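Counting from 1, the numbers follow the sequence of the chain as shown. Excluded from the calculations below are hydrogen atoms, water molecules and symmetry mates; all remaining heavy atoms, backbone and side chain alike, are included. Since the model is a prediction, treat every value here as computed from it, not as a measurement.
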Amino acid sequence: MSTLSIIAIAVALLAVVGLCLGLADSWFCGLLALSCLLGAADAAYRELRLWALAFLTVGTLLAGAGLHAAYAAGRERRQP
């Protein structure tokens, strides 16, 4: 198992533990997106193109979900 894989798994576990401890949705999605992007880098290094593409796609979707959660939380705070 490569160093990038170990770091990606550690970041994903950190996100899950953080979610159990009340981490905001935007941080949870952001950490999972980071984990997916690290997994994509590892897959690309190993020349596993379909896995790299799948990790990049899921990472992009999670990054979008994180941005949406951050925007919704900011908008909710501005409402009187």
Side-chain angles (χ1 to χ4, degrees):
M1 187 176 285
S2 71
T3 305
L4 276 175
S5 293
I6 293 170
I7 294 170
I9 291 169
V11 170
L13 287 175
L14 179 68
V16 171
V17 168
L19 183 66
C20 292
L21 296 175
L23 187 67
D25 291 341
S26 58
W27 279 97
F28 175 71
C29 290
L31 286 173
L32 283 183
L34 175 64
S35 178
C36 285
L37 294 179
L38 288 170
D42 181 55
Y45 179 74
R46 294 176 186 230
E47 297 181 3
L48 303 170
R49 291 182 183 157
L50 290 178
W51 280 104
L53 183 63
F55 277 126
L56 284 174
T57 303
V58 172
T60 303
L61 291 173
L62 285 168
L67 284 174
H68 175 69
Y71 176 73
R75 187 172 180 181
E76 197 172 281
R77 275 187 257 134
R78 287 188 302 238
Q79 297 293 327

Legend entry - Side chains of D42 and L38 in contact at under 4.5 Å (non-hydrogen atoms): no

Inset, instruction - Check which hydrophobic residues are tied to L37 through side-chain heavy-atom contacts below 4.5 Å, counting indirect links as well, and list them. - result: L56

Legend entry - Side-chain hydrophobic cluster, 4.5 Å single linkage: members besides V17: L21

Legend entry - Contact summary for F55 and C36, nearest pair of heavy atoms: CB-O, 3.4 Å

Inset, instruction - Look at the side-chain heavy atoms of Ile, Leu, Val, Met, Phe, Trp and Tyr, link any pair under 4.5 Å apart, and say whether V11 and M1 land in one connected group. - result: no

Inset, instruction - Nearest 0.5 Å please: distance from the CG atom of L14 over to the CZ atom of F28. - result: 11.0 Å

Legend entry - From OG (S26) to CG (L31), nearest 0.5 Å: 9.5 Å

Legend entry - Nearest atoms (heavy-atom pairs only) where C29 meets A65: SG-CB, 4.0 Å

Legend entry - Smallest separation among heavy atoms of A52 and A43, with atom names: N-CB, 3.6 Å

Legend entry - Joint cluster assignment, W27 & I7, ILVMFWY side-chain distance < 4.5 Å: yes

Inset, instruction - Measure from the side-chain N and O atoms of S35 to the backbone N and O of A8, and report whether any donor-acceptor pair falls under 3.5 Å. - result: yes

Inset, instruction - Specify the closest pair of heavy atoms between L19 and L23, including all atoms of both residues, with the distance to one decimal. - result: N-CB, 3.8 Å

